[in-house]
Amino acid sequence: MAFDYAQYMRPGKLPHIWCPGCAHGIVMKSIIRAIDREQLDKDNTVLVSGIGCASRMPGYVDFNTLHTTHGRALGFATGVKMAKPSMDVIVVSGDGDALAIGGNHFIHSCRRNINITLIVFNNNIYGMTGGQFSPTTPHGKLASTTPYGNPDYAFDVVDLAIGAGASYVARGTAYHSVPLTRLIADGIAHRGFSVIDALCTCPTTYGRRNKLGSATDMLLWFKGNTVGKKIVDKKPEKAEGKIVTGVFRQDEKPEYCDEYAKIIEKVSD
Amino acid sequence: MSEKVVFYQGNEACAEGALYAGCNFFAGYPITPSTEVAEFLARRLPKQGGAFIQMEDEIAAMAAVIGASLTGAKSITATSGPGMSLKLENLGFACITEVPCVIVNVMRGGPSTGLPTGPSQSDVMQARWGTHGDHPAIALAPDSVQEIFTETVRAFNLAERLRTPVILLTDEIIGHMREKFTIPAEGEIEIWDRPRPTVPPEEYKPYDISEGIIPPMADFGSGYRFHVTGLNHDETGFPTNIPSLVEPEERRLMAKITENLDIIEKYEYMEKKGSKVGVISFGSSARSTRSAIAMAGEGGTSVDFLRLITLWPFPSHVVNEMADKLDLIIVPEMNLGQMIEEVERSAEGKTEVIGVNRVDGEPITPDQILEKIREVS
Amino acid sequence: MSDRYEVRLSGAGGQGLVLAGVILAEAAALYDGINAVQTQSYGPEARGGASKSEVIISDSDIDYPKATAIDLLLCLTQEACDKYTDDLKEKGIIIADSRMVKELPDGNYTIYSLPIIDTAKEKVGKTFVANIVALGVIAHLAEKVSFDSVLQAVLSRVPKGTEDLNKRALQLGYELIG
């Protein structure tokens with residue numbers, strides 16, 4: 001039987017704002033299936049977002065949803081989680097939202113290891129504002145604000161998250177939607193701060209400008225240019241020229257709300 | 001808890017007031033001269049099962065305060081000028097989404113880093129107009145340690161009753177000053193909670209005003225699943241840009257204030273028989289004013305005194321009535337003339353208005369005010 | 001403002017002058033039952049720099065909380081003495097540490113140059129109780145506060161286990177004035 005997405009969607013909220021060919025819808029479906037796999041209670045789940053294309057996702061789905069200010073979703077989510085640690089908190093964010101304007105919140109959420117799952121819809125561009133370069137736009141690529149090629153270098157979301165102390169870090173792609181669902185579900189199940197770098201595509205403002213072909217071509221590119229982490233672990237040379245996907249870190253590490261609960265336990269009257 | 005007499009700093013009284021009002025969440029970032037509010041709550045909140053978190057910056061702290069409030073917590077943050085500038089982004093979010101919270105600004109000299117340990121009252125206009133867009137504003141300005149306590153309680157009550165952020169505007173002098181004060185017995189001051197929905201979840205609309213101008217607010221996690229956005233939205237909480245839906249909501253945010261002045265406005269008007277001069281002041285400058293007026297009285301000059309406890313919304317009608325009677329209104333404030341603009345506007349040219357201003361990091365002295373009173377009487 | 005008794009405690013950051021001011025004000029407000037307000041001002045340094053703490057004591061309400069006509073000034077460093085004597089009243093009292101403060105202001109003041117820090121260091125054995133020794137001196141000289149109230153306030157504020165040490169420091173300070 002086909003999976004019933006409708007049970008998690010708010011009636012009357014579609015069509016979404018995403019362009020034809022945008023991969024965000026695929027990532028949204030993976031998130032929904034991951035939530036379903038983890039059997040989260042809709043009433044007890046909060047989806048928080050900032051500003052940008054990806055950040056419109058919470059409006060479409062039937063949970064407690066909070067669409068906040070640019071880059072600040074993790075700050076809001078931290079307040080929700082600290083005030084009600086029993087709730088499951090998921091943050092969806094774009095690459096600009098999570099890593100540029102929200103970069104400080106990103107690294108400190110990793111460091112704090114608070115039990116929140118962050119999914120970065122990483123399409124290498126600011127889509128909503130019309131295609132300006134983001135912290136994950138590769139060097140040399142074209143954007144509306146890098147008309148002569150990007151002089152900047154990109155963040156590696158996985159390296160950044162690991163360096164900052166996140167205890168679950170994974171990367172998947174919109175093309176590999178079944179593994180992506182598993183990576184997100186494992187992130188939700190993980191007790192600590194989880195980061196899933198979800199590579200997706202923006203044919204309208206990034207692909208077109210950089211001559212990457214059709215929306216389908218862009219998705220298919222992931223098929224030929226990624227390699228699983230498990231394969232690379234055995235044969236490192238396989239990583240040559242490829243994007244590595246899979247789980248990069250999954251550590252048991254004290255979770256922030258648990259640590260604070262211990263303080264409450266210790267000092268309460 | 002029964003009544004208790006203590007010798008506290010203003011900032012500590014603020015934190016104590018928050019707890020009295022039922023506060024169970026603080027998020028903040030260290031900044032002089034407000035840090036004692038955070039330090040006090042870091043010690044006390046976990047003792048009663050609440051949560052304290054020091055965030056990575058002022059912006060995240062304000063965000064966390066709003067997030068916590070959405071789960072039903074009574075939440076507060078404390079800062080000073082440079083931090084307040086950063087909080088303004090999400091203050092606007094709290095205004096448009098109608099999330100109750102309290103923001104304490106212990107004012108210090110500015111602009112920019114300014115005078116970190118010096119007092120000032122130069123954030124008066126920031127409190128009103130700091131965040132972008134039209135928005136409601138409530139700012140309370142106590143003048144003693146005791147009143148910092150009671151006004152913090154009132155700030156929470158107003159935030160909850162009106163579903164809006166409330167700013168408590170103190171300054172370095174009264175924030176750090178220690179005085180004897182009484183923590184009232186539990187129940188002595190009425191504590192309000194936000195209106196919560198009475199309809200079943202499937203009928204709930206987060207901005208439904210069929211029962212009144214303040215829509216009932218459900219807690220995240222209570223079975224009422226709803227959407228919150230900083231975009232203009234309709235009664236269902238979802239974004240809209242339909243002009244006929246946008247404007248009434250924008251107007252309602254303001255009307256929440258103007259239709260509830262009876263519970264928001266608070267001032268003391270000490271009128272003297274035959275006086276031709278009046279002073280309007282607030283916060284620590286009001287203390288100097290009281291001394292100056294007492295000294296003027298010893299010299300046989302009677303002076304009226306309007307002390308504002310609620311700064312925003314500004315009580316124009318009271319100032320206008322003063323202007324009818326008086327030949328001169330003096331406005332002492334530790335800035336280069338902010339509240340005086342409101343006084344002039346409210347007086348409608350019916351009386352002369354002059355300022356006593358000081359921005360060197362020292363308080364306005366009673367002598368400075370007395371000198372102005374003597375110049376004209 | 002006539003019945004105000006104004007005290008300014010000055011020295012360097014880290015000498016415990018804010019705490020001394022708080023104790024003096026609490027002695028008046030909580031134990032002597034009159035009004036007291038304590039304020040402070042300090043530089044950005046947590047240690048060092050010129051620091052001051054002020055206490056206003058009065059039988060009536062205290063509106064203006066800062067000192068304007070000081071009755072009693074304590075100086076524990078030369079820098080503080082140079083910086084903070086301006087508002088001292090005619091015939092006001094200066095209590096200066098005899099080791100740290102060598103140059104005292106000219107004027108019609110009553111000056112006590114006393115070994116406050118040396119007393120703390122040599123007779124109590126802990127330099128950090130110099131603020132409490134100074135409070136002992138102040139309790140002796142200041143109108144409006146009693147020794148017993150200051151003692152009670154000291155004991156309620158100092159860390160557990162240091163009560164005897166602080167009591168001794170206060171007593172020695174009190175006795176520095178013959």
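Each chain gets a letter, A, B and so on, in the order the sequences are listed, and its residues count up from 1. Quantities reported herein were computed from a predicted structural model and do not represent experimental measurements.
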| Point-to-point distance, once rounded to the nearest 0.5 Å, from CG of Asn64(A) to OG of Ser222(B) | 7.5 Å
| request: May I ask you to check whether over 12 heavy atoms, not counting those of Glu203(B), lie within 6.0 Å of atom CD? | output: yes
| remark: Highest number of heavy-atom pairs under 4.5 Å with chain A among Ala64(B), Ser69(B), Gly230(B) belongs to Ala64(B)
| said: Is it the case that atom CD in Glu252(A) sees more than 12 heavy atoms from other parts of the structure closer than 6.0 Å? | reply: no
| query | Should we say atom CD of Gln54(B) is surrounded by more than 12 heavy atoms from elsewhere, each under 6.0 Å from it? | reply | yes
| query | More than 12 heavy atoms of other residues, nucleotides or ligands under 6.0 Å from CG of Asp134(B): is that the case? | reply | no
| Taking the side chain as C-beta and beyond, is there a heavy-atom pair between Phe226(B) and Thr65(A) under 4.5 Å? | no
| With a cut-off of 6.0 Å (strictly less than), are more than 12 heavy atoms of other residues, nucleotides or ligands near OH of Tyr8(A)? | yes
| request: Determine the minimum heavy-atom distance between Pro46(B) and Ile263(A), stating which atoms define it. | output: CB-CG2, 4.1 Å
| task | Identify which part of Met87(A) has an atom lying under 4.5 Å from any heavy atom of chain B, answering side chain, backbone, both or neither. | result | side chain
| Structural part of Phe52(B) lying under 4.5 Å from a heavy atom of chain A | both
| field | Parallel, tilted or perpendicular, as decided by the 30° and 60° cut-offs, for the rings of His227(B) and His67(A) | value | parallel
| query | If you draw a 6.0 Å radius around OH in Tyr153(A), do more than 12 non-hydrogen atoms from other residues or ligands fall strictly inside? | reply | no
| request: Measure the spacing between CD1 of Ile51(A) and CG of Leu231(B) and express it to the nearest 0.5 Å. | output: 6.0 Å
| request: Flag the pair Glu89(B) / Arg72(A) as yes when at least one side-chain heavy-atom distance between them is below 4.5 Å, and no otherwise. | output: yes
| message | Between Tyr260(A) (side chain only) and Ile53(B) (backbone N and O only), is there a donor and an acceptor less than 3.5 Å apart? | response | no
| task | May I ask you to check whether over 12 heavy atoms, not counting those of Lys42(A), lie within 6.0 Å of atom NZ? | result | yes
| field | Lys NZ or Arg CZ of Lys84(A) over Phe220(B) ring: under 6.0 Å, within 45° | value | no
| Ionic contact status for Glu56(B) with Arg112(A), cut-off 4.0 Å | yes
| field | Step-by-step side chain to side chain contact (heavy atoms under 4.5 Å, CB included) determination, Asp57(B) to His105(A) | value | CA-CA 8 Å; Asp57(B) 58 32; His105(A) 314 308; 3.3 Å; yes
| remark: Thr68(A) and Phe93(B) have their tightest heavy-atom pair at CA-CE1, 3.5 Å
| message | Is it the case that atom NZ in Lys253(A) sees more than 12 heavy atoms from other parts of the structure closer than 6.0 Å? | response | yes
| NZ/Lys47(B) to CD1/Ile264(A) distance, rounded to the nearest 0.5 angstrom? | 13.0 Å
| request: Kindly compute the distance separating OG1 (Thr236(B)) from NZ (Lys13(A)), expressed to the nearest 0.5 Å. | output: 4.5 Å
| request: Grab the two heavy atoms, one from Gly67(B) and one from Val80(A), that are nearest each other, plus how far apart they are. | output: O-CG2, 3.4 Å
| said: Heavy-atom cut-off 4.5 Å, strictly under: side chain, backbone, both or neither for Ala51(B) against chain A? | reply: both
| task | Can you see which heavy atom on Ala63(B) is nearest to which on Gly75(A), and at what distance? | result | CB-C, 3.7 Å
| Where on Asp41(A) is there a heavy atom nearer than 4.5 Å to chain B: the side chain, the backbone, both, or neither? | neither
| said: Let me confirm one number: the CG-OG1 distance from Leu66(A) to Thr71(B), rounded to the nearest 0.5 Å. | reply: 11.0 Å
